[in-house]
Amino acid sequence: MHKTIFILVISMLAACNSSKHSVSEAAAPAANEPFLIYKTVADYSQNVPVILNADKTMIVSYPSPSDVSVNGQLLKPIELENGYLLDRKGISMNVAFTSYTYEAYSKLDVAPSIDKLKDRIIDDDPLLEFYDCSRHLKIKGDINKVNSLIADEFKGCVRIK
């Protein structure tokens with residue numbers, strides 16, 4: 001029984017991954033890639049995010065300087081309508097933003113120490129709204145359709161905050 005379910009799930013994931021759309025600003029999504037849309041209390045679209053633990057006392061995840069760009073393109077969030085942003089780095093509810101800009105961070109030879117990163121946090125509670133729209137993953141690369149999703153009040157998405 002478990003083997004049948006496993007095969008069914010793998011088949012469904014393969015089918016989902018086979019229909020990729022052309023994308024102008026973002027890479028085509030992979031089947032397991034999150035589709036997160038958020039709004040922040042201030043404009044942090046140029047700032048590198050880190051992930052904190054649940055009580056926001058410790059950094060549990062941060063990017064390497066080589067992780068903030070792909071083929072020379074910085075992985076800043078994509079600006080959407082009404083001040084929303086499309087995540088491209090894998091943030092979570094425990095995101096915090098540092099004073100490092102994507103551009104400056106991408107030029108570092110190595111990631112700063114955890115202590116240095118912690119000292120550079122400028123907001124450890126930046127999210128106003130946060131949605132998981134993974135049910136709509138197939139439209140992630142089409143910014144017009146993503147903006148339509150916003151206009152449709154995130155129908156089919158899960159509001160996390």
Could you give the distance from [atom1] ([X]) to [atom2] ([Y]), rounded to the nearest 0.5 Å?
X    : Y    : atom1 : atom2 : value
K107 : S69  : NZ    : OG    : 11.0 Å
N47  : Y102 : CG    : OH    : 8.5 Å
H136 : F154 : NE2   : CZ    : 10.0 Å
K89  : S61  : NZ    : OG    : 8.5 Å
L149 : R135 : CG    : CZ    : 11.0 Å
N147 : D152 : CG    : CG    : 12.5 Å

In the structure I gave you, are the side-chain heavy atoms of [X] and [Y] within less than 4.5 Å of one another anywhere?
X    : Y    : answer
P112 : Y62  : no
V50  : F97  : no
L80  : I150 : yes
V95  : P126 : yes
L74  : E103 : yes
P77  : R88  : no
I139 : F35  : yes

Is it possible for you to say whether [X] and [Y] belong to one hydrophobic cluster, with membership spreading through side-chain heavy-atom contacts below 4.5 Å?
X    : Y    : result
V158 : I37  : no
V48  : V60  : no
I160 : L85  : yes
Y105 : I122 : no
V68  : L86  : no

Got a donor-acceptor contact below 3.5 angstrom from the [X] side chain to the [Y] backbone?
X    : Y    : value
K140 : P34  : yes
N71  : Q73  : no
K118 : T57  : yes
Y100 : L117 : no
S134 : L137 : no

Whether over 12 other heavy atoms sit under 6.0 Å from K116 NZ: no
Heavy-atom pair of closest approach, residues [X] and [Y]:
X    : Y    : result
R120 : S99  : NE-OG, 2.6 Å
S45  : E79  : OG-OE2, 4.0 Å
P65  : A111 : CD-N, 3.5 Å

message: Salt bridge check, D125 against K161: does any charged N sit closer than 4.0 Å to a carboxylate O?
response: yes
task: In sequence, state the C-alpha distance, the side-chain angles, and the governing distance for S92 and N94, and then conclude on side-chain hydrogen bond (donor to acceptor under 3.5 Å, both in side chains).
output: CA-CA 5 Å; S92 76; N94 296 328; 4.8 Å; no
message: Pair D87, Y38 - check side-chain hydrogen bond (donor to acceptor under 3.5 Å, both in side chains), show working.
response: CA-CA 7 Å; D87 176 50; Y38 62 100; 4.8 Å; no
Distance alone, cut at 3.5 Å: any donor-acceptor contact between the side chains of [X] and [Y]?
X    : Y    : value
Y84  : E129 : yes
S148 : N144 : no
S113 : D115 : no

task: From the options I121, I51, N53, select the one residue that forms a side chain to side chain contact (heavy atoms under 4.5 Å, CB included) with I59.
output: I121
query: Among L128, D123, L127, which residue meets the side chain to side chain contact (heavy atoms under 4.5 Å, CB included) test with T40?
result: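 The single option meeting the side chain to side chain contact (heavy atoms under 4.5 Å, CB included) with T40 is L127.
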